Q: 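My questions will all concern the structure given below.
When a residue number appears, it is its place in the shown sequence, counting from 1. All values derive from a computational prediction rather than experimental measurement. For the numbers below, each heavy atom of this structure counts, side chains included, while hydrogens, waters and symmetry mates do not.
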Amino acid sequence: MRVFKCMRRSVLVVPMMIGLALSPLASLASQALEVPLSGHRSMIRLGAIPNPAAEDARAVAQGLFDALEQKDPARVSKAMGQLQALAKTENVGGGNSAMQWLARAWLESRDAESELARTRPVMEQAYFDYFLADDAKHLKEYLQRKYRAGDFTLKDPETHLVRGTFLEDMLMFNNPMRSDWDATERVLEIVADLKPQVRRVIDLGAGFGYFSQKLAETLGPESIVHAVDTQKDYVEQLRQFVKQYNIEGVRPVVSTPEDINVQEETDLVFIASLYHVLYGWSQPGQRNAFMETLNKTLRPGGYLVVLDNRDNDGVSLHNSFLSKDFAIAQLYFYGFELVRSEDLSPYRYALVLKKAAPEPPKQPVFTQSEQSALIRVDSSDSVVHIGSLDSFDITPSGVAAAKLLMRALNDSDMQSARAAIDLYENLIPSENFGGEYTALQWVAQYLAGSEETRQSMTEDPLSAEFLAYLAEDDYAPLKLYVEKKYKLAAPQVSVEEALDEKTREIGIIRRQALEDFILFNNPRRESWEKSSKILDALPLSSGDTVVDLGSGPGYFSFKFADKVGPEGQVHAFDTKDSHIDYLNSLTKKWEIGNIRASVSSTEGFEIPQPGSADMVFMCSLYHILYAVSSQTERDGMIASTIKALKPGGRFAIVDNGPVDQGKLPYHGPYIRQELIRAQLEAYGFKFESIEQVIPQRYLMVFSHGASAN
């Protein structure tokens with residue numbers, strides 16, 4: 001039940017470096033911290049950025065496009081008013097406010113008496129010229145690519161997506177109205193307060209230089225701001241701005257995932273809208289590599305300024321936020337001492353920290369109430385980690401094994417199948433605990449096996465159906481998945497996917513559903529998860545009613561059906577239609593009468609007889625519910641759970657925990673069990689027990705309400 005979509009591409013991509021030692025800064029802080037938790041609210045969210053081109057927005061975009069084509073001020077003014085109305089309903093920081101500014105600037109440019117048109121700041125002028133020069137060439141191109149305005153003919157789908165992303169990021173990142181929610185002026189005042197100690201600055205993930213130029217201007221003519229980004233085309237565009245507008249003090253730098261590519265010592269590193277990604281999205285080794293490069297360039301006593309998002313009662317900027325207490329705690333263990341913490345607006349906060357080396361940093365003090373639950377933080381590890389949409393990092397060895405498997409599938413090459421088996425055997429202990437390698441190895445063993453071996457491997461009905469699903473049409477689903485996942489062929493995007501965001505999203509969801517199917521119904525799942533141990537520990541008896549929430553294609557649902565027997569009932573819910581369709585097809589084929597599978601929304605579910613469930617079960621989902629779902633979605637799902645349970649009914653959660661260095665995590669995503677416990681207790685649940693099933697997995701059981709017995 002994967003409820004999150006692809007995150008917007010981060011302008012700073014950090015590498016995966018397995019086994020990298022912690023930054024030397026990490027050893028300087030040794031005092032454990034107790035950080036307060038905020039009741040039923042989460043301390044982080046890495047949500048999808050809603051960015052659909054709805055029909056009403058398409059209509060307004062078409063009107064603006066036509067007005068620009070006809071150079072009609074009245075129609076541009078009308079479109080500007082419509083954009084203002086739309087902006088009230090969109091996610092904070094979206095593109096409508098930028099288009100409003102451009103429409104207004106277009107109108108002002110036609111007024112020779114306009115004072116604003118003559119006194120525009122340099123980056124606003126660059127923005128104005130980029131989108132409105134040459135008869136608003138680039139603004140009209142954006143309207144065509146984003147909203148299909150005008151007579152737009154798509155020639156190259158891949159180029160269209162890349163160019164569309166470039167234009168949209170430029171529109172949003174350098175939006176002159178950004179200060180309305182970003183508190184830009186206050187950020188610059190905070191940096192100005194650090195003068196004269198700061199002259200050399202790195203703006204990490206600079207994009208098109210929105211903050212880079214402002215920082216250089218704030219710090220004065222002797223300052224140097226290295227505008228660092230991994231996106232070469234973004235840096236090149238900034239380089240053009242610097243040259244065209246004689247912007248002083250800004251040095252655009254193309255970085256690599258391994259190196260920020262700034263050699264000289266710096267006084268300040270500035271990170272805007274990125275630390276929540278580093279905290280909850282980047283792999284731990286990635287974050288350590290990032291902090292190591294930061295440490296190398298920042299002088300002792302130098303400053304780290306973090307600008308990031310607040311929760312803001314569920315209306316956070318771009319649906320992402322990180323509690324500043326947890327950012328402070330992690331940075332303390334990287335050797336940074338908090339100097340200043342300030343809430344800038346409902347959407348943003350700023351932290352100023354100082355590199356404490358060679359002395360240990362002073363321990364931060366957190367504000368907490370007597371009712372606050374606390375979580376102990378004693379290292380630079382994050383307390384929750386979501387990871388990328390890939391279930392694990394793609395390595396050269398993994399690609400090599402995938403190529404062998406594809407050769408076996410395409411050419412019936414059993415030598416390649418056996419080579420794939422051997423390579424997976426070597427990779428599984430070191431790269432992909434509990435992931436798809438065991439499933440792909442199983443397929444290779446089936447391909448290379450004798451008839452007797454194949455019969456043995458498919459004796460279990462669920463394993464037989466696993467193979468049948470992937471082997472349909474000469475293994476077309478499996479070939480598609482392996483090819484896409486391991487990038488074995490040149491990426492191909494259809495015209496429909498390129499032009500229509502909904503079609504593109506459907507394609508992504510289908511590929512995710514296929515990945516979920518391979519992971520969930522993996523015939524080797526018992527070998528690493530010890531699923532039977534989980535089943536034995538669950539408080540379930542014959543005749544019980546159980547809800548399998550986030551059932552996927554039914555791995556546990558069928559096991560529950562056996563355990564509760566014909567007198568019991570299993571309600572399986574998932575947000576993906578394909579999983580529920582698959583589950584229903586098997587219950588019909590196998591004539592299983594005690595499973596009822598339904599599609600749920602992300603905000604809740606309902607069983608036919610509320611208050612009848614003995615247990616609601618959730619596997620590998622709570623970390624998503626905690627750190628990706630919105631507060632509304634989480635509230636709805638928990639309310640549905642409470643409504644479904646009988647008095648004293650149990651809520652059982654299987655999820656992934658962090659593991660010691662040297663142990664492979666389960667894929668990468670994890671959540672400290674203390675976060676789940678504190679949050680569910682705030683929702684009124686009573687903690688009953690926890691069992692460590694394997695080092696990477698735990699089972700927690702809660703109850704709700706007084707038992708009727």
Side-chain angles (χ1 to χ4, degrees), residues 7 9-28 166 169 173 198-212 215-216 223-239 242 249-307 330-331 333-336 353 355 357 380 382 387-388 390 393-397 399 487 668:
M7 288 186 66
R9 179 203 53 76
S10 170
V11 290
L12 179 68
V13 180
V14 193
M16 175 63 177
M17 297 180 69
I18 298 288
L20 181 78
L22 289 175
S23 162
L25 293 175
S27 62
L28 292 175
F166 179 96
D169 283 353
F173 293 174
V198 172
R199 282 288 180 265
R200 294 156 299 181
V201 175
I202 294 176
D203 180 9
L204 275 173
F208 299 97
Y210 175 82
F211 271 111
S212 304
L215 290 169
S223 66
I224 296 172
V225 177
H226 300 281
V228 175
D229 203 285
T230 59
Q231 295 295 310
K232 185 176 180 179
D233 51 347
Y234 292 27
V235 175
E236 183 54 40
Q237 182 60 60
L238 176 56
R239 188 171 283 120
V242 168
V250 175
R251 295 183 181 178
V253 177
V254 179
S255 61
T256 69
E258 294 80 16
D259 192 348
I260 59 177
N261 204 22
V262 175
Q263 306 305 319
E264 63 186 80
E265 188 177 65
T266 54
D267 304 309
L268 183 145
V269 175
F270 179 78
I271 306 176
S273 303
L274 181 61
Y275 202 82
H276 63 270
V277 177
L278 289 169
Y279 189 96
W281 190 259
S282 298
Q283 297 287 359
Q286 293 175 329
R287 186 177 58 251
N288 289 334
F290 171 84
M291 296 305 296
E292 186 67 30
T293 61
L294 189 155
N295 179 39
K296 286 179 180 178
T297 188
L298 188 61
R299 65 169 172 81
Y303 293 97
L304 173 62
V305 175
V306 175
L307 175 65
Q330 185 173 72
L331 288 166
F333 285 100
Y334 278 120
F336 286 91
L353 305 106
K355 180 177 172 180
S380 61
S382 302
S388 67
D390 288 328
D393 288 276
I394 308 301
T395 65
S397 297
V399 173
K487 300 176 177 61

Q: Quick one: does L268's side chain get under 4.5 Å of L215's, heavy atoms only?
A: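 No; the side chains remain at least 4.5 Å from each other.
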Q: Do R287 and S382 have side chains that get closer than 4.5 Å, going by heavy atoms?
A: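 They are in contact (side-chain heavy atoms under 4.5 Å apart), so the answer is yes.
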Q: Check whether any side-chain N or O of T266 sits under 3.5 Å from a backbone N or O of V201 as a donor-acceptor pair, and report yes or no.
A: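 Looks like no, no N/O pair under 3.5 Å.
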Q: So, for S380 and N288, which heavy atoms are closest and what is the spacing to 0.1 Å?
A: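 In this case the closest contact between S380 and N288 is OG-OD1, 4.4 Å.
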Q: Below 30° counts as parallel, above 60° as perpendicular, anything between as tilted: where do the rings of Y234 and F208 land?
A: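 Parallel: the ring planes of Y234 and F208 meet at under 30°.
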Q: Under the rule for side-chain hydrogen bond (donor to acceptor under 3.5 Å, both in side chains), what residues qualify as partners of T293, not counting sequence neighbours?
A: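 T293 satisfies side-chain hydrogen bond (donor to acceptor under 3.5 Å, both in side chains) with no residue once adjacent residues are dropped.
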Q: List in chain and number order the residues that pass side-chain hydrogen bond (donor to acceptor under 3.5 Å, both in side chains) with Y279, two or more places apart in sequence or in another chain; answer none if no residue qualifies.
A: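 So Y279 forms no side-chain hydrogen bond (donor to acceptor under 3.5 Å, both in side chains) with any residue.
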Q: Sort out for me which residue in L278, V262, I260 forms a side-chain contact (heavy atoms from CB on, under 4.5 Å) with L204.
A: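 It is I260; the other options fail the test.
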Q: If the condition is side-chain hydrogen bond (donor to acceptor under 3.5 Å, both in side chains), which residues does E236 pass it with, not counting sequence neighbours?
A: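 Per chain and number, E236 pairs via side-chain hydrogen bond (donor to acceptor under 3.5 Å, both in side chains) with R239.
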Q: Between K355 and L304 (side chain of the first, backbone of the second, donor and acceptor by atom type, cut-off under 3.5 Å), is there such a pair?
A: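 Not at all, since once roles are kept as given, no pair shorter than 3.5 Å links the two residues.
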Q: Taking T297 for the side chain and E264 for the main chain, is one N or O donor matched with an acceptor at less than 3.5 Å?
A: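 Yes, the answer is positive, given that a donor and an acceptor are paired below the 3.5 Å cut-off.
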Q: Please report the closest heavy-atom contact between S255 and T230, naming both atoms and the distance.
A: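 Closest heavy-atom pair between S255 and T230: OG-CG2, 3.2 Å.
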Q: Measure across A227 and V250 and return the closest heavy-atom pair with its distance rounded to 0.1 Å.
A: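 Closest approach of A227 to V250: CB-CG1, 4.1 Å.
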Q: For F270, check ring pair (Phe, Tyr, Trp, His ring centres under 6.0 Å) against everything at least two apart and list the hits.
A: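 Expected list: F211.
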Q: V254: which residues meet the side chain to side chain contact (heavy atoms under 4.5 Å, CB included) condition with it, sequence neighbours left out?
A: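 Partners of V254 under the side chain to side chain contact (heavy atoms under 4.5 Å, CB included) test: K232, V235.
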Q: Report yes if the side chains of V399 and K487 come closer than 4.5 Å at any heavy-atom pair, otherwise no.
A: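 No, every pair of side-chain atoms sits at 4.5 Å or beyond.
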Q: Once side-chain hydrogen bond (donor to acceptor under 3.5 Å, both in side chains) is applied, do any residues pair with R200, and if so which ones, sequence neighbours excluded?
A: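 Partners of R200 under the side-chain hydrogen bond (donor to acceptor under 3.5 Å, both in side chains) test: D267.
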Q: Can you measure from CD1 (I202) to CG (N261) and round to the nearest 0.5 angstrom?
A: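 Between I202 CD1 and N261 CG, I get 10.0 Å after rounding to 0.5 Å.
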Q: Might you point out which heavy atoms bring P252 and L238 nearest each other, and give the distance in Å?
A: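 Nearest pair, atom of P252 first, then L238: CG-CG, 4.0 Å.
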Q: Would you check, one step at a time, whether the test side-chain contact (heavy atoms from CB on, under 4.5 Å) holds for Y334 with L294?
A: CA-CA 11 Å; Y334 278 120; L294 189 155; over 6 Å; no
Q: Under the side-chain contact (heavy atoms from CB on, under 4.5 Å) criterion, do F336 and L298 qualify, and how do the steps go?
A: CA-CA 11 Å; F336 286 91; L298 188 61; 3.8 Å; yes
